[in-house]
There are 2 protein chains.
Amino acid sequence: MQLSNTALFQGITQEEIARMLACFHARTERCAAGDTVRTYGHGPEAVGILKSGALSIERMELDGGRTLLESLAPGGIFGEVLAFSSLAHESMLVVAHAPSEILFIDYAHILKRCEKACAHHSLLVRNVLRLVSDKTVRLSERIEVLSCRTIREKLLCYFGLCAAQAGARSFTLPTSLSGLAEYICADRSAMMRELGRMREAGLVQTEGRRITLPEKPF
Amino acid sequence: MQLSNTALFQGITQEEIARMLACFHARTERCAAGDTVRTYGHGPEAVGILKSGALSIERMELDGGRTLLESLAPGGIFGEVLAFSSLAHESMLVVAHAPSEILFIDYAHILKRCEKACAHHSLLVRNVLRLVSDKTVRLSERIEVLSCRTIREKLLCYFGLCAAQAGARSFTLPTSLSGLAEYICADRSAMMRELGRMREAGLVQTEGRRITLPEKPF
DNA sequence: AAAAGTCTATTGCAATTGCAACAGTTTGGA
DNA sequence: TCCAAACTGTTGCAATTGCAATAGACTTTT
């Protein structure tokens with residue numbers, strides 16, 4: 001895992017990164033599969049970058065249940081939101097699903113002005129800001145989808161976003177149909193039923209995960 | 001409107017702010033009620049701070065309709081997400097609802113390291129980061145609410161969040177009941193009906209906007 | 001090669017929901 | 001003060017949806 005390929009260190013050379021990590025007092029932790037790496041919700045926070053292995057971010061419900069929030073592959077970053085927010089009453093778990101190496105950087109070090117060495121410090125800050133902003137945009141899009149009243153509207157709204165992103169009326173879903181149902185928070189069988197009706201009505205063409213919208217009659 | 005009272009400049013003295021604004025090449029624009037201040041979605045972006053007046057952020061739908069995203073009071077900030085995101089294919093409007101004064105700062109200046117003067121520059125960056133992160137947390141909470149399948153679950157989920165925030169089983173809704181229905185994306189009358197049922201079932205007590213949850217039997 | 005797990009697909013049925021319509025109350029301006 | 005606009009409250013009805021159950025296809029692991 002080259003850190004220079006991660007979203008956090010994008011645009012910074014490997015040598016610069018090495019110098020910055022020293023300056024930031026970054027530290028690497030190792031853990032085994034099944035370990036709970038962190039619980040968030042209190043104390044001075046740190047941002048984590050997964051160097052190798054696999055992590056999942058889960059949310060602790062009041063009733064003790066857990067909800068999967070995110071799955072992280074090497075290069076992924078976590079804690080960037082909670083670390084910088086002043087709200088953050090959530091309690092979250094970071095769980096390892098494989099032996100993992102994680103690099104931690106205290107958020108205070110990222111923000112603090114540093115006197116020497118780190119010429120690329122401002123680039124790092126820009127990257128963090130971009131990461132958090134991107135997440136906000138993704139969440140806003142999902143809210144837009146979820147705010148539709150019917151499954152049909154939700155699907156059309158989501159497909160519209162996908163088509164805009166692909167720049168074409170035809171695109172492939174990034175997830176399984178089951179995943180799509182979860183994304184739009186609808187029952188999978190009800191969604192399949194509605195998809196069928198929409199196909200009949202000529203609102204979409206589907207071929208597995210390949211979706212094609214009809215030409216706009218604008 | 002004192003800039004030192006805004007979330008963006010929190011913790012920075014008025015004199016420091018004056019110096020920073022010069023350093024950032026900040027500029028003030030004035031506009032009349034009804035003016036479209038900005039359309040986002042392209043070009044080098046700027047962050048705007050409303051000094052006086054009233055603004056609303058609206059989203060342009062494909063069909064030409066508009067959705068209200070946010071209403072801004074003096075001290076409010078806009079553009080902080082789109083300015084820093086790399087996704088951002090949205091098109092948004094900023095519309096004035098009263099004669100307004102708006103301070104614009106190019107995002108590039110906020111991020112750029114500045115050689116002299118701005119000792120509090122890093123505090124400003126921290127504030128931006130906190131603003132964006134807070135917004136992310138709020139959006140995540142709303143998604144959590146919207147991901148519930150039934151109106152009853154949505155309400156209980158939302159009330160749970162409110163109670164946690166208030167630190168008490170009793171709290172006052174920040175919006176009207178109509179606003180609440182909009183927040184949970186449900187039909188108002190259906191929500192009223194369900195609220196009635198929940199009252200009967202002893203799941204909540206309501207008195208106008210005052211909500212009280214029963215003691216937890218955990 | 002078998003097994004376990006996930007994904008796709010379909011259907012009946014009961015429950016929830018959106019919609020439309022109406023009426024009384026409160027709020028904020030003109 | 002009076003009017004308009006927004007908010008609260010309620011109901012019938014049709015449509016959508018979630019849930020449960022079932023089954024075949026596909027993947028990955030053992």
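Bear in mind the structure is a predicted one, so any value in this text is a computation, not a measurement. Reminder, nothing fancy here: chain letters follow the sequence lines and each chain counts from 1.
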Out of [options], which nucleotide sits closest to the side chain of [X]?
| X | options | value |
| --- | --- | --- |
| S189(A) | dT16(C), dT8(C), dA20(D) | dA20(D) |
| R149(A) | dT8(C), dC19(C), dT17(C) | dC19(C) |
| D187(A) | dT8(C), dG18(C), dG18(D) | dG18(D) |
| M192(B) | dT17(D), dG9(D), dT10(C) | dG9(D) |

Give the rounded distance in Å between these two atoms: [atom1] of [X] and [atom2] of [N].
| X | N | atom1 | atom2 | value |
| --- | --- | --- | --- | --- |
| R193(A) | dT10(C) | CZ | C1' | 9 Å |
| E194(B) | dT17(D) | CD | P | 17 Å |
| I151(B) | dA15(C) | CD1 | P | 17 Å |
| M191(B) | dG9(D) | CE | P | 9 Å |
| L177(B) | dT25(C) | CG | P | 17 Å |
| R152(A) | dA15(D) | CZ | C1' | 12 Å |
| E207(B) | dT8(D) | CD | C1' | 15 Å |
| I184(B) | dT17(C) | CD1 | C1' | 11 Å |

Does R188(A) make a side-chain donor-acceptor contact with the base of dA9(C), cut-off 3.5 Å?
-> yes

When you look at CD of E182(B), are more than 12 heavy atoms from neighbouring residues, nucleotides or ligands closer to it than 6.0 Å?
->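 Not buried by this count: 12 neighbours or fewer within 6.0 Å.
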
Any side-chain donor near an acceptor of the partner, T136(B) and T136(A), under 3.5 Å = yes

Hey, does the side chain of S178(A) come within less than 4.0 Å of dT8(C)'s phosphate (OP1/OP2), counting only N and O?
->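 Indeed, a polar side-chain atom of S178(A) lies that close.
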
Indicate yes or no: at least one non-hydrogen side-chain atom of F159(A) is less than 4.5 angstrom from one of L173(A).
->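 Yes, side chains in contact.
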
